[in-house]
Amino acid sequence: MPRNDTALLRGLSMLAVVALAGALVLGAVSTAAAAEERSDAVLAAVKPQRLNIPRGRASATRTFAVQVRNANQRTSGVGSGPITVNVLASALDCPGGTVVTGADFDPKAAGAQPVVTVAQGGSARGKVSVEVPASAVTTPSPRAPFRCRVRVQAAVTSPAGNVDPRATNDSVEVELDVVDRNDRGVPPASETVASPVKPLRVTLPAAGAPKPLPVKVKLHNAATTPAALTLSGDDGDCPAGTIASLDADAKSPGVQPGVTLGGRKSATVTASLLVRPPLWSTADGASPARCTVRVSASGAVADAEPGNDTVAITIDTLVPDDVSGAGCPSYATPATSAGNPPAVLPELSGLAASRSLPGVYWAHNDSGNAFELYALAADGTLLQSYALSGAAAVDIEDVAVARCGATSSAWCIYLADVGDNNAVRGSVAIYQLPEPDLTPGQTLPVTVLPFTYPGGPRDAESLVAETLSGRLFVVSKILTGFGEVFRLDGLGQPGGSTATLVATLGPSSPNDRFLTAAEAHPSGESVLLRSYGRVWELRRPGALLLEEVFGAPLAQVVAAAQPQGEAIAFTADGLGYLLGSEQLAPIRRVGCAGPDLVTSGAATSGISRDRRPLLHGSEPAGTGRRDRRSGSHSGPSLQRLSGGTVARGTDPSPKRVGA
């Protein structure tokens with residue numbers, strides 16, 4: 001929000017106090033029914049397959065088993081009960097003429113039966129068939145197979161409208177190694193083969209703790225002459241740094257990135273992986289996080305069959321004791337200084353942690369500045385700046401990072417051009433762009449996703465993204481409360497889309513009705529809301545939809561004195577948050593509290609005791625707000641009732657034990 005509008009809105013807020021005092025409520029006073037089902041299907045990883053085409057045969061056929069599991073954990077409502085799943089298969093980079101059938105769950109019936117109903121907690125086994133024609137592949141020698149991939153995908157068809165909460169484990173890529181015995185010829189001059197590796201299932205020792213994992217990869221020199229090989233790795237869709245090192249000679253000190261193999265010789269190299277916790281709780285042990293890294297061996301001379309130089313390693317990760325899906329059990333006070341923003345951000349209006357670049361935060365200015373995006377370190381150091389193109393920006397107010405879509409493994413940045421102080425814009429927009437790298441001098445094109453509000457224009461400054469699905473929400477500013485929560489359905493359709501109202505949030509006090517930023521926790525189990533002086537949290541442990549979180553009671557958490565606070569961002573690990581302000585004020589950081597900071601009382605109804613936020617804020621002087629340390633209060637006190645509403649008369653603030 002521009003600075004000249006801040007005083008006006010605060011003034012309007014104070015003028016409305018008398019008329020609205022009897023109507024003040026805290027929490028979500030109206031929440032629409034969830035529009036989407038959240039049933040969790042899990043397709044088990046499949047080991048690599050080998051096909052041999054015998055001499056004189058025109059093709060080879062291979063059948064392998066697949067298993068789909070119903071990982072629903074709830075006893076009723078969204079994310080419970082049986083599911084009907086359609087399991088389909090297709091050739092990814094296999095040659096033309098390859099025939100792949102969908103999974104067959106009923107071999108007694110004619111044809112493939114890819115649809116199966118699975119009871120909650122149960123599983124079903126089927127078979128997928130693949131046929132590869134000899135005419136489409138050439139293998140230099142029996143030791144050098146042709147390699148390609150088949151994808152198997154599970155889609156929940158009932159309940160209808162399903163968005164899987166852990167979509168990464170709905171599909172598997174199966175490596176096929178094909179040897180055509182009809183191929184005879186001179187042994188190749190250069191041919192390196194990296195043998196396939198079975199999928200890994202990793203159980204982390206503790207929530208939040210990474211686990212070192214050595215993986216052996218066998219290399220073959222299928223040629224008759226020696227080959228000097230260099231190892232390389234690609235983290236793929238796993239967190240950056242998953243491949244910690246590649247060592248070709250474990251007996252020698254240090255890491256040896258290469259090896260020389262004699263003709264027809266083999267060697268075993270070690271890929272040291274550092275497996276990190278997933279972005280969500282896996283306490284049920286039934287729905288792992290899945291990602292894939294790749295290890296390659298290349299020589300100075302081009303291979304006869306380069307496709308088998310690289311091996312994919314699929315990693316399924318579980319954290320059995322992870323009960324910290326919503327982040328900190330409580331927050332430490334006071335907020336500390338993280339550092340200062342760069343001079344290019346005089347009107348810092350949005351912050352969001354990158355998902356593909358560790359330690360990087362995306363930031364932008366308020367209206368009236370260049371259409372640019374900035375990459376910052378957590379201490380405010382400017383890492384890179386990017387010019388944006390493809391839109392005529394009006395008033396960008398917030399930024400978020402989430403998947404580029406419900407079925408995508410890529411990460412996208414979302415900029416909310418939704419500022420509208422006078423509520424006159426007939427259409428506003430979200431700008432979407434893939435997360436860039438830190439290469440300097442880039443101009444990034446954005447995709448414009450326009451939308452309108454039902455009932456006419458709204459002013460808004462807060463964007464909330466559901467991290468793993470890419471679903472987006474905007475919270476408007478209203479005089480009678482914190483704001484209305486709108487879900488942005490059908491973004492990108494021709495002619496734009498119309499937002500759907502899913503909740504209305506009540507204010508915390510007469511001075512706190514105008515939200516300036518919001519963000520969802522990476523787990524999707526909590527949402528932070530900030531006004532100029534305070535920070536609030538909605539928390540619903542185990543939530544599968546943000547609509548559930550927006551129905552949770554509000555709890556005040558730690559804030560910081562800033563001249564015009566307009567940005568908030570969870571840290572990348574979800575264990576704390578950053579607060580940003582206009583006027584080049586220091587960025588503040590709030591971390592997790594120690595075990596001595598335990599709250600008490602019924603004010604945190606609906607939040608488990610070990611995950612309860614500390615309701616304590618560090619606020620600007622002279623606002624007339626409550627000083628919770630002294631017990632004084634200049635305004636009406638509030639009491640939380642069931643359903644998230646409040647009544648005046650008592651103070652619900654939990655106290656710090658031992659204070």
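As a basis for the values below, the full set of heavy atoms in this structure was taken, side chains included, without hydrogen atoms, waters or symmetry mates. Keep in mind the model is a prediction, meaning the values are calculated, not measured.
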task = For this output row, return yes or no: ring centroids of Tyr577 and Tyr331 closer than 6.0 angstrom.
result = yes
query = Within a strict 4.5 Å, meaning less than it, do heavy atoms of the Arg588 and Thr336 side chains meet?
reply = no
query = With side chains defined as the heavy atoms from C-beta onward, is the minimum distance between Lys211 and Val202 less than 4.5 Å?
reply = yes
task = Under the salt bridge (charged side-chain N to carboxylate O under 4.0 Å, His left out) rule, collect the residues that match up with Asp417, sequence neighbours excluded.
result = Arg425
remark   = Between Gln384 and Gly441 the two heavy atoms that sit nearest each other are OE1-N, 4.4 Å
message = Applying salt bridge (charged side-chain N to carboxylate O under 4.0 Å, His left out) to Glu435 and Arg403, what does each step give before you reach the verdict?
response = CA-CA 10 Å; Glu435 279 203 293; Arg403 293 290 188 192; over 6 Å; no
Minimum heavy-atom distance between Ala375 and Val360, given as atom pair plus value = CB-CG1, 3.9 Å
Note, Pro346 side chain near Asn365 side chain (heavy atom, < 4.5 Å) = yes
ask   = With a 4.0 Å cut-off, would you call Arg294 and Glu173 a salt bridge?
value = yes
request  = May I ask you to check whether Phe371 and Tyr386 place their ring centres under 6.0 Å from each other?
outcome  = no
query = Ser287 and Asp40: side-chain donor and acceptor closer than 3.5 Å?
reply = yes
query = Should Leu438 and Leu357 count as side-chain neighbours, where that means a heavy-atom distance under 4.5 Å?
reply = yes
task = May I have the step-by-step check of salt bridge (charged side-chain N to carboxylate O under 4.0 Å, His left out) for Glu466 and Arg38, ending in yes or no?
result = CA-CA 13 Å; Glu466 199 170 62; Arg38 281 299 175 100; 2.4 Å; yes
request  = Sequence neighbours left out, what passes salt bridge (charged side-chain N to carboxylate O under 4.0 Å, His left out) with Asp177? Give chain and number order.
outcome  = Arg147
key: Pairwise side-chain contact, Leu318 with Leu204, heavy-atom cut-off 4.5 Å (strictly under)   = no
